[in-house]
Amino acid sequence: MFIDTHCHLHDPKLIGDIDFHVQELLRDGVDIAINSACCALTSKMGCDLAEKYPSIYFMTGCHPSDVSGFNREEFDKIASLTSHEKCVAVGEIGLDYHWEPFDKVKQQECFAEQIELAFSSKLPICIHSRDATADTLKILKENKAKLQYGAVMHCFSGSKETAREVLNMGLYISFAGPLTFKNANNLIDVAKYVPEDMCLTETDCPYLTPHPFRGKLNSPKNVWLVTAKLAELKGLSIEVMAEKVMQNAKRLFYKLK
Ligand code: NI
C-alpha cells in the first residue's frame with residue numbers, strides 16, 4: 001500500500017541488518033522502497049539490493065556533498081547503471097550550501113552534467129536542495145528542456161512561493177519526516193497547497209525519523225507516518241492518500257512495477 005520514494009538502505013546504520021529492514025517494511029505495508037544514491041559506490045549498492053529484493057528499486061547519481069570525489073571514472077560508473085531495469089531515476093543530485101566547506105562551482109557543474117545524463121538516459125531526476133534555492137531554480141530553468149522525463153524535489157523544506165515555482169515547472173514535491181514534526185507550520189502550509197497528484201512521500205532514512213519516533217533509527221517502514229500526516233492535511237483517508245501517492249510515484253518513476 002505505501003511507497004518510500006527516497007531512502008538510504010546502503011547507509012552503514014541500515015545495511016548490516018538489511019534482511020530485517022526489508023522484512024519489516026513488507027510487514028508494515030510498504031510495497032516499494034527506492035534507494036537513493038550518493039556516489040558511484042552507493043549507486044552500485046542500491047543496484048545490488050534491487051537485484052536481491054523484489055520490493056527495492058534504486059537511483060544512480062552523485063549527491064552535491066560528495067562532488068569532491070566526482071570525476072570521469074565516477075561518472076562512467078554512475079552512468080553505466082541507468083539502463084538497469086530497476087534504475088528508476090538519476091539521484092540524488094542538486095546543490096547543498098549547508099555544510100562548509102563546499103565548492104559551489106563544482107556542485108553546479110556536477111548537477112548540470114547529471115541532468116544531461118538523466119535526459120540522455122530517458123530518466124527522471126531526484127533533486128536535493130539545501131540552503132541553495134535560488135541557484136537550484138536557476139539551473140533547473142536553464143535546463144528546462146532536459147527535464148522532460150520529470151523530476152521531484154525530495155525532502156522539500158522550502159516556502160510556498162518556491163513550491164509554486166517548482167510546480168509551475170512540472171516538478172513533483174516529496175515530503176519526509178519533518179512534515180510530522182511539532183514545529184512544521186510552514187511545511188504544513190506547503191503540503192496543503194501542493195495538489196494531491198503532485199505529492200510524494202519518503203523517509204530519507206536513516207535520518208529525519210518521523211514523530212513520534214524522533215531520536216530513533218529511521219527506516220522505510222516509517223513512511224506511513226508521513227503519508228498519514230499528508231492524508232490528515234488533505235482530508236483524505238490514509239488508504240486513499242497512499243493510493244494517490246503510489247499512482248504519482250508510478251507516473252514519475254515509470255519503470256516501477
Ligand atoms: Ni537523501
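Order of listing sets the numbers, starting from 1, for every ligand and every atom in it.
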Which angle, to 10 degrees, forms at the Ni ion (ligand 1) with NE2 of His6 on one side and NE2 of His8 on the other?
100°

Which is it for Asn222 and Thr203 under the side chain to side chain donor-acceptor pair (under 3.5 Å) test, yes or no, and what are the steps along the way?
CA-CA 7 Å; Asn222 288 330; Thr203 60; over 6 Å; no

min-distance N/O/S atom, Asp204 vs the Ni ion (ligand 1), resolves to OD1

Looking at Phe58, I'd like to know if the NZ or CZ of Lys86 sits under 6.0 Å from its six-membered ring centre while staying within 45 degrees of the ring's axis.
no

Looking at Glu74 and Lys77, does any basic side-chain N land under 4.0 Å from a carboxylate oxygen?
no

NZ/Lys144: more than 12 non-hydrogen atoms of other groups inside 6.0 Å
no

Can you name the N/O/S atom of Glu92 that is nearest the Ni ion (ligand 1)?
OE2

